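First up is the structure itself, then whatever we jot down about it.
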2 protein chains.
Amino acid sequence: MPQSDPSSSAAPGDRSAHDHARASDVHKLAATKLAAHSQRYTTNRRRLVDILIGSTGPLTIAGILSERDDLAQSSAYRNLVVLEEAGVVHRIITSDDHARFELSEDITGEHHHHLICDRCGLIYDITLPPGLERQLEASLAGEAQRFSFQGDHHRVDLVGICQSCRS
Amino acid sequence: MPQSDPSSSAAPGDRSAHDHARASDVHKLAATKLAAHSQRYTTNRRRLVDILIGSTGPLTIAGILSERDDLAQSSAYRNLVVLEEAGVVHRIITSDDHARFELSEDITGEHHHHLICDRCGLIYDITLPPGLERQLEASLAGEAQRFSFQGDHHRVDLVGICQSCRS
DNA sequence: ATTTATGCAAATCGTTTGCAAACCT
DNA sequence: AGGTTTGCAAACGATTTGCATAAAT
């Protein structure tokens with residue numbers, strides 16, 4: 001429903017949660033995770049990771065492809081699946097039709113949440129106080145138990161309208 | 001990626017968060033909300049709302065259509081858009097390719113969150129302690145302000161594997 | 001009488017997949 | 001060599017839309 005240029009995905013005043021990890025460390029971890037899944041760290045996969053390292057926030061496929069014109073769309077899709085399964089990247093689904101990708105928290109070592117623009121799909125990274133995270137975890141674990149549900153990870157989003165869509 | 005019968009969407013031990021509102025009240029509210037958006041409360045729209053009232057949890061389009069065979073798919077899609085815009089229903093997007101729908105919190109008067117099965121897309125409704133909700137709201141509001149983001153509503157999901165997908 | 005809603009079938013568009021060539025190990 | 005990855009183009013499938021008919025005001 002909302003439409004905009006899906007290749008843009010900007011960042012706000014502060015630095016993003018991503019740029020805390022050094023590129024070489026990220027690649028090392030990525031290689032390890034892929035190896036654990038019997039997958040190779042090919043040139044294209046490394047390229048994808050590099051693009052995500054360089055990004056200030058979650059990127060759409062279009063955004064990723066626009067960074068390098070020597071990247072086949074189908075390979076991007078395929079490799080993002082592999083990277084996701086290996087736990088290297090994380091796929092974010094919003095009401096926007098375009099999936100977005102970011103490095104996984106295992107890789108960046110950060111736990112964060114999102115502000116999601118309902119109009120253009122733009123995503124900002126945010127963090128919550130550790131105490132709040134703990135309480136949340138505890139409550140969710142309790143609810144999961146009631147439903148015999150095996151929780152894996154939680155997600156907190158604030159949905160609204162970003163500054164540029166408002167103006 | 002995960003696949004299963006999208007027409008099924010069961011409930012667990014307890015009652016769902018939905019069955020607290022009386023059907024007549026729901027219809028009255030729905031009519032009001034639609035009127036406020038210059039939209040009619042047509043037969044098909046009422047049917048959709050009825051199906052959601054009767055459901056124990058969020059339903060996919062397939063699940064909705066399977067409840068009544070005299071409901072055209074395109075009309076379901078179109079009317080769900082109208083109902084969503086009027087704030088009568090709420091659309092839930094997961095990694096599953098099938099959008100799911102539930103009555104909006106304005107209508108049910110309940111604020112709840114979700115356990116989402118990563119394999120089959122099944123969704124359970126859960127609630128968090130009011131105190132925790134308040135802290136969460138406050139933290140999110142603070143973050144929104146930092147990004148000049150106009151928050152509308154928050155969302156908390158626990159993603160994992162449901163009992164039947166585990167067995 | 002006009003506007004709005006319906007239902008069918010066709011179109012759309014992000015994503016997935018078949019297949020032959022290129023790449024690793 | 002033997003299996004994997006790549007890139008092109010074709011296929012897929014949930015959702016959307018054009019259009020003629022039916023309903024509502």
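Just so it is clear, the model here is predicted, and its values are computed rather than measured. Protein chains get the first letters and strands the later ones, always in sequence-line order, with residue 1 at the start of each.
- With rounding to whole Å, A:Leu80 atom CG is found 13 Å from C:dT16 atom C1'.
- Residue A:Asn79 places none of its side-chain N or O atoms closer than 4.0 Å to OP1 or OP2 of D:dT5.
- Rounding to whole angstrom units, CG of residue B:Leu48 and C1' of C:dG7 are separated by 14 Å.
- Separating the CZ atom of B:Phe101 from the P atom of D:dA14 is a distance of 14 Å, rounded to the nearest angstrom.
- In terms of phosphate contacts, B:Asn44 brings no side-chain nitrogen or oxygen within less than 4.0 Å of OP1 or OP2 of D:dA23.
- Between the CZ atom of A:Arg47 and the P atom of D:dT5 there is a distance of 15 Å, given to the nearest Å.
- Side-chain proximity of B:Arg40 to D:dT5, C:dA5, C:dT6: nearest is C:dA5.
- A salt bridge links A:Asp70 with A:Arg47: the closest approach of a Lys/Arg side-chain nitrogen to an acidic carboxylate oxygen falls below 4.0 angstrom.
- Note: CD1 (A:Ile61) to C1' (D:dG7) measures 15 Å, nearest angstrom.
- A donor-acceptor pair under 3.5 Å is absent between the side-chain atoms of A:Glu143 and the main chain of B:Leu128, judged by distance alone.
- You'll find the side chain of B:Leu71 reaches within 4.5 Å of the side chain of B:Leu48, heavy atoms only.
- A donor and an acceptor atom, one from each side chain of A:His37 and A:Glu85, are nowhere located under 3.5 Å apart.
- For A:Thr42, a side-chain nitrogen or oxygen approaches OP1 or OP2 of D:dT6 to under 4.0 Å.
- Note on A:Gln39: only backbone sugar-phosphate atoms sit closer than 4.0 angstrom, heavy atoms only; bases stay farther off.
- A distance-only check finds a donor-acceptor pair linking the side chain of B:Ser104 to the backbone of B:Gly87 [under 3.5 Å].
- Within 3.5 Å, a donor on the side chain of B:Arg78 pairs with an acceptor on the base of D:dG18, or the reverse.
- Look at CZ on A:Arg100: it is 13 Å from P on C:dG14, rounded to the nearest Å.
- Distance CD (A:Glu85) to P (D:dT4): 15 Å, rounded to an integer number of Å.
- Remark: P of D:dG7 and CG of A:Leu71 are 7 Å apart, rounded to the nearest angstrom.
- If you find the closest nucleotide of DNA chain C to B:Asp70 and to A:Gln73, the one lying nearer the 5' end belongs to B:Asp70.
- Residue A:Ser74 places no side-chain N or O under 4.0 Å from the OP1 or OP2 atom of D:dC8.
- Checking the phosphate oxygens (OP1, OP2) of C:dT16, no side-chain nitrogen or oxygen of A:Tyr77 falls inside 4.0 Å.
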